[in-house]
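Structure, as structure tokens:
Just so it is clear: chains get the letters A, B, ... in the order the sequence lines come, proteins before strands, and each one is counted from 1.
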Amino acid sequence: MSDAFNRLAPFIQEYIYAHNWTELRAVQIAACKVIFDTDAHLLIAAATAAGKTEAAFLPVLTQLYENPANTIGALYIGPIKALINDQFERLNDLLKSADIPVYHWHGDVAQSRKNQLLKNPQGILQITPESLESLLINRNSELMRLFGDLRFIIIDEIHAFIGSERGCQIICQLQRLTKLTQTQPRRIGLSATLGDYSLAEDWLRSGTEKPVITPKIDAGKRQVKLAVEHFYLKNEIDESEVTAYEKYIFNLSKSRKCLIFANNRTQTESIISSFRQIAREQALPDIYHVHHGSISASLRQAAENAMREPNNPAVTAATLTLELGIDIGHLERVIQLESPLSVASFLQRLGRTGRRGAAADMRFICAENEPLSEASLPEQIPWQLLQCIAIIQLYLEERWIEPIKPIQYPLSLLYHQTMSILAATGELSPATLAKQVLSLPPFAAISQEDLKLILRYLIDIDHIHRTEQGKLIIGLAGEKIVGKFQFYAVFPDNPEYVVKQAATEIGSIVTPPPVGNQFALAGRTWEVLDVDFRKKSVSVKQVDGKATIYWRGGSGTIHTRVLQRMRQVLLEDIEYSYLQDKAQLCLEKSRQIVQNSGLDKQNILQLEKGKCCIFPWMGTVAYRTLERLLNSFCRESLEINSISGVSPYYFTIKLAKDKFKYLRQEIVLLCEQRISPEDLVSASEAPEIQKYDEFIPHPLLRKAFAKDYLDILELKQQVAKW
DNA sequence: GACCTGCTGCGGGCTG
């Protein structure tokens, strides 16, 4: 046993013996070194199942054991309740024989448990950002008693936080908390899928003086089995007919423990509904589950339990709800429908299979509508298949993962934190409030003038009230927002109708169909018996057959490097060993199409007189920027009739017959000129995207949109290659 | 824009 082992607290050493761990993992040894020998923050970036949470907790618990804190000693922040419950069980197990209490705190935890912590603030607290916000607001005067001697802050799955307002919210909370306690707890961030460590380190360190150490962990050779297959779907299909595509996936998962990932809820519903039909026809047992955001907690739990059950086969179709680190036991195979949206998501999903030594087994099944005989050039390109290959290659060749860029103008969060600070403290002078808000690291790019504009506006609409003494307090309109319990979350809640079969909750839907109509949920078909619009509930009965499904699908945000690699897939003469027969054929055919059309040499092609197509090979943000450039500056000069396209793959443009030859030159010239992002946002726009954007003055929203949702620099860099 | 994630404090009625 290693030196690190010898330095662990005795109860931890005993635990390790009792569980027959033969050695500490590399990541655990590295984490011990940093925690024991330095005073730095720690970023643990290691593959899934490498024992990251133990790596964080073993040395932290040792230090708390040797030198107990007078208050809560370590704070663990996790993105979802299920993960916190999971970690709570594991930590309880580890701490059984130690004198360190562990508490979990989120919306589902009983008030009595919370009261125990408030009475005896010691040990470890595991919490969500939303519950932490409620503590900051409602227990402001007790924070010193609770957290005055806090030593460590552990943040799990940080890739799920960085780059979102929820991640910025955490940084604000830590800043507010430690400013009050006048301490500098050490931070430990955990993630398996980080592309750019320095960006993650910057995020973790925000607002503190300590450096971050990210130990280099030798990942070791992991056996990975990948296969990609491709299907063309017929355009006019009989809904009730099971297709070859569905049969193929059915057989891949048959009698196995298998997780099927899709990019939207509709696909999870559709595939499980088909599987049940096939299973019925073949007299096979129903081992099928659906897991997504609109499935009730109890049905999700049932799916998780079935997957954890060691011996019986079970198949669950899920969206990213099963991507995070909840333990779902040993899986034999992961199937991905269509292409993943990012390398990060691919790795997160791959990490669900092949735990504990076994080879990871992941199958990709791309499906595209069969191009009609009159299909245009861009419609003949198998975009899903290309994206799938590109993402796999970026990982295999370079171990590249998308870097996560910080938000520059998190204005909705600025409103939230301003109101939260006011609610917590009662009243503040304008200068003090401004100083406190602007000292929060996520608002580094916000100027005094910007904030002044926002505060004046909030006073105008009575979210903030100025007292006769010139102090600021929450106004009447603001009270209505802050007083709601939904205030604690910085993302909006989408109120949906609860679907009930008698007393059993199935899940929820956005818009209930009329009484007598049918819809699909949890892989089954339901008929509406009654809709209660006041209680927002739908009562249903189960029926046979397949019904249309309600959610829409989309393409998400894709990085420019993925598009660039897709282009290379079309141009290079390489065979990828994981391509199955139909995928191989499909790729060969599209490489041929590219050569015949000249797409290998140009980005803009004329389809017919007065109609052309642009292939920008840029990610979603640069594509959006180009779309605005075309609309704002090219419509008149090139007599453009219409611009349409499939983001971020191509644009189809109808323009005056003689103008095609000027199109490329026009775009290149525009990009060489001094165009600023602000030129691409019109003075009449009010891009309200985040939860509290509606309370932000429109000129600021436009500025934020230009900074965070457009990227002129990247557009210029890409166009320069044309 | 897809996909997700989260949530207080109370009062009333029931059980042991």
Side-chain angles (χ1 to χ4, degrees), chain A residues 77-85 104-112 114-115 118 127-139 155-170 173 261-269 291-295 297 300 317-326 336-342 344-346 348-349 416 420 423-424 481-496 508 510 550-558 619-621 623-624 627 645-648 687-691 693 705 708-710:
Chain A
I77 302 175
I80 52 177
K81 293 184 285 191
L83 183 60
I84 288 178
N85 291 341
H104 62 331
W105 184 311
H106 56 64
D108 296 346
V109 174
Q111 190 62 48
S112 57
K114 296 176 180 171
N115 291 339
L118 293 173
I127 198 166
T128 59
E130 289 68 28
S131 286
L132 184 56
E133 191 77 44
S134 84
L135 283 178
L136 289 176
I137 295 175
N138 303 317
R139 307 280 173 180
I155 310 172
D156 207 352
E157 307 277 8
I158 62 169
H159 59 274
F161 289 125
I162 312 177
S164 76
E165 288 217 323
R166 201 166 177 224
C168 297
Q169 178 189 23
I170 293 177
Q173 293 171 337
F261 279 113
N263 295 335
N264 56 55
R265 298 172 189 185
T266 308
Q267 280 190 324
T268 63
E269 292 288 347
H291 198 288
H292 58 64
S294 289
I295 296 293
R300 282 206 232 182
T319 59
L320 63 70
T321 48
L322 282 182
E323 228 176 67
L324 292 176
I326 311 162
Q336 165 74 41
L337 304 185
E338 299 194 334
S339 171
L341 300 179
S342 64
S345 166
F346 157 48
Q348 206 70 34
R349 293 174 178 196
H416 183 263
S420 177
I481 303 296
V482 179
K484 276 195 269 193
F485 77 96
Q486 288 93 334
F487 177 70
Y488 303 109
V490 294
F491 49 86
D493 48 325
N494 349 35
E496 294 189 352
S508 58
V510 181
Y550 266 77
W551 298 279
R552 290 173 301 163
S555 58
T557 306
I558 303 172
T620 314
V621 176
Y623 178 98
R624 177 192 299 136
E627 183 175 27
V646 176
S647 170
E688 293 177 3
I689 297 164
Q690 302 291 335
K691 187 179 185 184
D693 280 351
F705 183 83
D708 285 322
Y709 292 85
L710 299 176

Exercise for review: Might you work through the side-chain hydrogen bond (donor to acceptor under 3.5 Å, both in side chains) test for A:E269 and A:H292, ending with a clear yes or no?
Suggested key: CA-CA 9 Å; A:E269 292 288 347; A:H292 58 64; 2.9 Å; yes

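- Side-chain polar atoms of A:R265 and A:S294 form a donor-acceptor pair below 3.5 angstrom.
- Looking at the side chain of A:K114, the nearest of the listed nucleotides B:dA2, B:dG6, B:dT8 is B:dT8.
- Using a 4.0 Å cut-off between charged nitrogen and carboxylate oxygen, A:E130 and A:R166 count as a salt-bridge pair.
- Summarising the geometry, atom CD1 belonging to A:I155 is positioned 5.0 Å from atom CD1 belonging to A:I77; distances are rounded to the nearest 0.5 Å.
- Across the interface with DNA chain B, nearest-nucleotide mapping of A:Q486 and A:G293 shows A:G293 to be the residue nearer the 5′ end.
- Between the CD1 atom of A:I77 and the P atom of B:dC7 there is a distance of 13 Å, given to the nearest Å.
- The side chain of A:Y709 approaches B:dG1 more closely than any other nucleotide in the set B:dC4, B:dT8, B:dG1.
- Distance, A:D108 CG to B:dT8 C1': 13 Å, rounded to whole Å.
- One can place CZ of A:F485 at 12 Å from P of B:dG9, the figure rounded to the nearest angstrom.
- Atom CG of A:L136 is separated from atom C1' of B:dG6 by 15 Å (rounded to the nearest Å).
- Counting non-hydrogen atoms under 4.0 angstrom, A:I80 reaches the backbone sugars and phosphates but no base.
- Rounded to whole Å, the distance from CZ on A:F261 to P on B:dA2 is 20 Å.
- When the side-chain nitrogen and oxygen atoms of A:T128 are compared with OP1 and OP2 of B:dC7, one or more of them lie within a distance under 4.0 Å.
- Listed nucleotides: B:dT5, B:dC3, B:dA2. Nearest to the side chain of A:T319: B:dC3.
- In the set B:dT8, B:dG1, B:dC7, the nucleotide with an atom closest to the side chain of A:K81 is B:dC7.
- Whole-Å rounding puts the A:K484 NZ to B:dT8 P distance at 16 Å.
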Q | A:H106 and A:N85: CA distance, side-chain angles, deciding distance, side-chain hydrogen bond (donor to acceptor under 3.5 Å, both in side chains) verdict | A | CA-CA 9 Å; A:H106 56 64; A:N85 291 341; 2.8 Å; yes

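- Remark: A:R265 is in phosphate contact with B:dC4, judged by side-chain N or O atoms under 4.0 Å from OP1 or OP2.
- Taking atom CZ on A:R300 and atom P on B:dC3, their separation rounds to 13 Å, with Å as the unit.
- For the 3.5 Å distance criterion, the side chains of A:T321 and A:H291 qualify, holding a donor opposite an acceptor.
- Judged by distance alone, with hydrogens and angles left aside, A:R624 brings a side-chain donor or acceptor within reach of the base of B:dG1, the pair sitting under 3.5 Å.
- Checking B:dT8, B:dC3, B:dG6 against every side-chain atom of A:S134, the shortest atom distance belongs to B:dT8.
- Ranking B:dC4, B:dG6, B:dA2 by closeness to the A:L341 side chain, first place goes to B:dA2.
- Taking a centre distance below 5.5 Å and an interplanar angle below 30 degrees as the stacking criterion, A:Y488 does not stack against the six-membered base ring of B:dT8.
- Contacts of A:S131 with the nucleic acid, taken as non-hydrogen atoms under 4.0 Å apart, involve only primed sugar atoms and P, OP1 or OP2.
- If you measure from atom NZ of A:K691 to atom C1' of B:dG1, you get 19 Å, rounded to the nearest angstrom.
- For A:I689, taking side-chain heavy atoms from C-beta onward, the closest of the listed nucleotides B:dT5, B:dG1, B:dT8 is B:dG1.
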